Structures are given as structure tokens and as C-alpha cells.
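A, B, ... follow the sequence lines: proteins, then strands. Residue 1 opens every chain. Remember, predicted model here, so these are calculated numbers, not experimental data. Below, each value reflects all heavy atoms present in this structure, side chains not excepted, and no hydrogens, waters or symmetry copies.
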Amino acid sequence: MTAPASEEPTVSDDVLLETILAKRGPCYYNQVALALGWPAGRLDAACCALAERLKNAGVYRLVRDAYHLSIEAAFNSAAQRAVLQLDTASYARQPLSVDEAQRLLTLVHRYLAGVPNYRPKVYTYDAQERAMVAGGLIHAEPDGNVEVYFRTHPVAHPDVLFALGLIASPVADGADDDAARAVNRP
Amino acid sequence: MSQPPPLLLVLDARDDAAVTRAALAEHDPHAGLVTVHPSPGTGSTTVLAHDVLAALGKPPTRFACEGLRREASAWSAALAWIIGEQIRQIAVLRTHLFTTRQWQRLAQLHADSGAVVIAYCHAPRIPAAARPVLEAIEYRVVSRVAEAADILSAWQVSLPARDGDGDEHQPPPEPLPAVPHSEVAHFRADCAREMPPGQFALLDAQYTAGLHAACAWITEQPQYKQAIEPPEPPCIFLPPHLPPEESQAAREILENYYDRDTFRQLGRGLLCVGRRAHSSNGPYAYPWSELYPLRVFLARLVASCDAPTALTRLRGAQAGFLLHGHLLALPAALHTRIGPGVNTVRLTAERVARLRTRLAHPAHAAALAAAMITGADPAQLHGASPDMMDARADTLQLTVPAAIHESGRHAAERCLYAIPALARGIFRAALAYHRMDPARADSGFLAHGIGTDLEQLRASARACRIDLPALVVAHPDISAWPRTASWNQLAACWSVHDPVHGPEVHNPNAGHVS
């Protein structure tokens with residue numbers, strides 16, 4: 001005998017959202033709202049609740065950009081960083097590949113054009129970007145807070161900008177990036 | 001170059017010591033002026049050849065062991081040095097005591113060298129021994145040194161400039177400290193963090209020199225000019241009266257709304273920098289096709305540099321290429337590689353002077369210089385033919401194993417090395433010596449200086465107190481080829497992105513964009 005409908009367990013919005021994203025992978029934000037019949041405010045609240053819960057639960061994070069929602073492994077988790085540190089020293093000595101040079105110069109052009117480069121505090125890098133972070137080509141942020149952030153673009157490492165003569169000094173070990181940076185446009 | 005004046009005979013009737021002193025005071029081989037003081041009491045033309053070599057600064061104690069004991073080889077070597085070092089004037093004293101045979105040699109020297117020959121006769125009349133020779137050639141008699149100087153000055157004005165000692169890229173006067181083994185992305189930053197400010201300033205000067213040299217070189221290349229579109233006028237998308245935060249928000253929307261290529265096209269108008277022209281390659285990277293000029297540029301950039309300076313300049317050059325949207329790909333762990341500037345012995349002015357004054361045979365001096373510059377396999381040096389050196393003797397190509405064919409055999413290609421300006425005369429002399437005897441046509445022009453089992457090369461190195469670089473022997477193991485190849489052979493270049501430096505090309509001052 002089935003339980004009466006009124007006694008069916010209530011699923012919270014964030015659990016429902018997590019289930020959808022785990023089952024279907026990255027989804028359009030509007031598509032989720034439309035499928036669930038939720039107004040934007042309810043979906044936003046669900047996103048915040050899910051992000052808070054995931055932060056305390058492990059390495060996964062909710063990632064949101066202009067159009068998509070997804071659950072992805074947070075690169076900046078301490079455990080993952082520790083693993084990557086094993087590769088950094090050897091990787092850092094590898095010459096730039098053609099693909100890396102292309103992506104790096106894209107970041108440099110954005111820097112020079114003044115296109116805002118938020119350094120995302122919750123961000124999932126793709127495989128090549130992870131490798132470039134390991135090689136010190138892209139600047140990686142330390143672990144940030146749990147709010148949902150828009151996905152934006154990574155920034156070239158200050159060492160790279162210094163190599164190209166675009167900033168006045170490199171970042172000393174442990175120093176604050178903004179304090180050390182002075183724009184020197186060509 | 002115009003023909004030199006005829007052989008000049010200066011009749012010093014009173015055997016004035018002042019005339020002799022003045023002639024000896026003019027002696028300056030570095031400036032192309034040589035004064036020969038012949039050995040007295042002999043009519044031997046072989047001894048006269050040795051006197052000429054000694055006047056050119058060659059050590060008489062080395063004539064026998066370097067195969068210059070005989071007349072033919074001694075005169076060939078003397079003539080080769082005169083041609084190679086661009087000697088313009090040869091003054092010979094005490095010619096009134098010459099035999100006819102010695103006068104014949106003097107006349108031949110005048111005809112073959114292209115230099116002006118001044119024969120000082122400390123007597124009132126033309127010597128009898130000279131008359132049979134002078135009747136067959138053009139000559140001029142003067143009784144005063146000033147008169148000879150007047151004749152020469154008109155000719156010397158027409159001469160092209162001699163090689164300077166300076167290279168396009170001068171190495172620093174002091175050697176740099178050891179540098180980090182970082183790749184281009186971190187090299188300059190690691191140096192700034194690890195070195196004291198004074199040392200970093202010295203290093204940064206070389207890094208910047210490499211960067212600027214790369215910028216100047218690449219912007220002059222036809223391949224680069226053809227790949228860059230002219231700058232476009234700015235295209236305003238946003239009303240200028242918008243507050244900064246609204247402009248920023250608008251740009252973010254644009255960035256998220258348009259796909260990458262469309263946004264790049266919009267950005268051209270905003271950034272006013274030349275962009276890569278549309279081609280069949282689209283946004284994809286493509287290789288730089290003209291590798292020979294690239295390797296000439298790299299070889300000259302590090303010629304006569306020690307390893308830290310060469311590494312620093314190369315990293316600077318890589319940064320310069322990136323600023324122009326190109327990846328200059330150099331092999332990993334560059335400091336462990338073989339090739340110019342990295343594992344070779346630096347040709348300083350002092351070392352080159354030792355080559356000139358402690359070795360008599362031009363092929364011996366050139367072989368030792370080539371070993372120092374290239375660090376190459378002795379078989380490659382042994383087989384170096386004259387056509388592997390360009391006319392100005394500023395580059396040397398050696399045939400080296402290259403990429404592996406499908407058959408598993410090595411192909412051969414030519415690896416390029418730059419000859420520093422202060423050593424070019426030595427290589428020209430070796431080439432001149434090699435060409436004088438048709439019998440030597442089948443052998444390399446450095447072969448005489450290498451010897452069997454390198455014994456001659458090692459003897460030359462001991463005489464000059466110079467350590468040979470670890471000479472590489474070609475490895476039969478094909479898989480080891482990349483380790484035994486010069487870094488210069490492995491250098492490649494890719495066009496990967498739009499240039500950062502600009503405007504390009506259509507600026508008349510584009511040779512020094514920065």
C-alpha cells in the first residue's frame with residue numbers, strides 16, 4: 001500500500017536541484033527554472049542553499065556562469081592542490097606549448113584591454129587550465145567563500161606579465177598581488 | 001675595390017735612421033698596416049716568408065710544427081693572413097739587400113694580396129738585383145716618405161671599411177652570474193627574486209636586449225608583415241558619457257553575448273592594434289616557415305656570449321616573440337643543451353688575440369676557433385667545406401644529423417653558427433689558404449687544423465692555453481639524437497595570436513616598436 005500523497009517526504013529545493021544537476025550534468029539556468037516551474041527568486045535561493053551545503057560536504061561546488069548551472073569538483077580544494085603540488089616543480093620547467101601560448105596571450109590581451117578579469121573564488125578550471133595553473137601560467141586563487149559566483153576568466157600569472165614587461169615587478173613569494181602590480185601598458 | 005697603386009720604391013739615399021724609425025712606428029696589424037724587417041745576411045725566400053709571418057704577429061717557434069717550414073706553404077700562409085686580416089699596406093725594409101728571387105716574391109706578393117707594397121731601399125739607386133723584376137711590373141720611385149703617403153692617401157679613401165671588432169649584439173663586459181633554469185614564463189621573475197638588485201640590473205639589461213632584438217627582427221620579416229592586417233580606426237560601441245561602472249557592465253555583456261571571433265573583430269576597432277590577417281589557418285596556430293633567417297638571428301644574438309648571457313638573451317627573445325604573437329619554441333632544459341653560447345667557449349678579445357699570436361697556420365687557428373664556437377662533432381668540423389661559410393665569414397654552417405626518416409636513417413641538415421666579428425679575419429685567412437692549392441679542394445678547409453684523432457686541434461689548444469668544449473661525438477643511437485643536436489637546430493617558431501606590441505608594419509618606425 002502506498003503512502004498517501006500528503007505523507008510523501010518533502011524534498012528541499014536544494015536537494016532537488018542537486019539531484020537534477022547530478023543526473024543531467026550542466027543545465028541552462030532558465031531551463032531548470034522552466035522545468036521546475038520556479039520563479040527566479042526561488043531558484044536563486046536554492047542555489048545559495050546548495051552552495052552552502054556543498055561547501056561543507058566535500059570537494060564539490062556549485063558553479064554558475066551567465067547561462068549554466070553545474071556541480072563540479074572544486075579545483076582549489078586543499079586536497080587537490082596538494083596533489084598538484086607534486087607536479088608543479090617538474091611541470092614548471094616545461095616549455096610553453098602552442099596551446100598554452102595561445103591561451104596565455106588571450107589572457108594578456110584581455111589584461112591590456114582592461115577587460116575585467118575577476119579572479120573567481122569558486123571556479124572550476126578545465127583540464128588545460130588546471131595544467132597551466134600547475135605550471136604557474138595562470139593565477140590561481142586560494143579557497144574562497146561559498147557564495148555562488150559568475151564564471152569569468154582566469155588571469156595570467158604576474159610572473160608572465162613581468163616576463164613580457166607589462167608590469168613593473170613580479171610578485172614576491174607570499175605577497176599580495178594587487179599591491180605588487182602596476183599597469184605598464186605598451 | 002680599386003686596384004692598389006703600383007709597387008712603391010722609397011729610395012732612402014742616406015740610410016736615414018729616422019726613415020726606418022717612422023716605417024717601424026707605422027706598424028699596426030690591427031689597423032691593416034704591417035712593416036717587415038727582413039732577417040739580415042740571407043737571400044732565402046723561405047726566410048723572407050717567415051719574416052712576413054713574424055711581422056703579422058705569428059710565432060716563429062710554431063712554423064715547423066704547423067707545417068710552414070717549406071717556401072710554398074709559408075708564402076701561402078703569409079698571403080692568406082694578409083687577405084684574411086684585410087692588411088692594406090706592407091712596408092718592407094732593407095730591400096736594397098734583396099736578391100732577385102726575393103724581389104720576385106715581393107712583386108708576387110703585391111700582385112696577389114691586393115695590398116700596397118712599399119719597398120724601402122736604403123741606397124741612392126735602384127738595386128741591380130731589382131731591375132729584372134721591376135722591368136716586368138708597374139712601379140713608382142719616390143725619394144721622400146711624404147710623397148709615398150700622398151700617393152697612398154688617395155687610394156686609401158677608396159677602400160671599403162675594414163671589419164670592425166664590434167658585433168651587432170655586444171656581450172656584457174663582465175660575465176653574468178649563474179641564472180635560474182626557468183622557462184620564459186618565470187625566468188625574469190625568478191631572477192628578480194633570487195638576485196641582488198645590482199646583479200639583476202645587469203641581467204635585465206641582457207634580457208631587455210634580447211627582447212628588443214627579437215621585436216626589431218620579427219617586425220622586419222616579410223612573413224610577419226604579410227600576416228598582420230593594418231590597424232583599423234577605433235570603432236566606438238559605447239556612448240562616451242556612460243559612467244565607468246556602466247561601461248564596464250556593458251563590456252561584460254558584450255563579452256558574454258558575442259562569440260570569441262566576433263568579439264575579437266569588435267575589439268580590433270577598440271584596441272587599434274594590427275591583427276592577424278584572415279587566412280586559411282583561421283584562429284589556429286601555424287608554424288613559421290622561414291627557419292634559416294630565424295636561426296641566423298638566434299646564432300648572432302648569442303655569438304661570443306657566455307652561457308648565462310646566452311640563456312638570458314634567449315629568454316628575452318622568447319618574450320619579444322610572444323609580444324608579437326609568436327611562440328619561439330626552444331628545447332626544454334636549455335642549459336643542458338649543446339650549441340652556440342650554451343656549452344661553447346666564449347671568444348673573447350683576449351682569446352682571439354691568443355689565436356692570432358700563438359698559432360701560425362690559418363687553418364689551425366680557424367679550427368680551434370670553430371671548435372670553441374660550435375662544440376660540434378670533430379667529423380663535422382673536419383669535413384667543413386668552403387661553401388659552408390658565407391662570403392663575409394660571419395656565419396658557418398656544418399652538416400649535422402637531422403630528423404629521422406621513415407627509413408630510420410638520419411637525414412642531414414645544416415646547423416648554423418655565427419662568427420663574432422673579431423674572429424672573422426681568421427676564418428677568411430683559412431679559406432684563402434685552402435683555395436690557393438687545388439689539391440686541397442677535396443678536403444675540408446679546417447681539416448689541417450683538426451688532424452687525425454684531433455691531435456692537431458689539441459696541440460693548438462695547449463699552445464693557446466684554451467680549454468676545448470666537450471666535443472660531441474655523434475651518437476649511433478637514433479633515439480639519442482635530440483640530446484646531441486644543437487639547440488639551434490631544434491628551435492622552432494609558431495604564430496599563435498595577435499601581437500601585443502603595436503602598431504605594426506605600416507608605421508615607418510616599425511623597426512623599433514616597443
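The aromatic rings of His186(B) and His157(A) sit perpendicular to each other, their planes meeting at more than 60°, with 30° as the lower class boundary.
In this structure, CZ on Arg193(B) lies 4.0 Å from CG on Asp159(A), to the nearest 0.5 angstrom. Taking CG of Leu327(B) as the reference point, atom CG of Leu105(A) lies at 8.5 Å (rounded to 0.5 Å).
Across Ala319(B) and Ala163(A), no two heavy atoms sit closer than the pair CB-O, 3.5 Å. Residues Leu322(B) and Ala101(A) share a closest heavy-atom pair of CD2-CB, 4.4 Å. Nearest heavy-atom pair across Val500(B) and His109(A) is CG2-NE2, 3.8 Å. Taking each heavy atom of Val496(B) and Val98(A) in turn, the nearest pair found is CG1-CG1, 3.8 Å. Taking all atoms of both residues into account, the shortest heavy-atom contact from Ala192(B) to Phe162(A) is CB-CE2, 4.0 Å.
For Phe321(B), no part lies under 4.5 angstrom from a heavy atom of chain A. Neither the backbone nor the side chain of Leu334(B) has a heavy atom closer than 4.5 Å to any heavy atom of chain A. If you measure heavy-atom distances from Ala185(B) to chain A, the contacts under 4.5 Å come from both the backbone and the side chain. Proximity to chain B is limited to the side chain of Val108(A), based on heavy atoms less than 4.5 angstrom apart.
Under the salt bridge (Lys or Arg N to Asp or Glu O under 4.0 Å) criterion, Arg53(A) pairs with Asp14(A), Glu18(A), not counting sequence neighbours.
Listed by first then second residue, pairs satisfying salt bridge (charged side-chain N to carboxylate O under 4.0 Å, His left out) with a partner in residues 202-212 of chain B read Arg188(B)-Asp204(B), not counting sequence neighbours.
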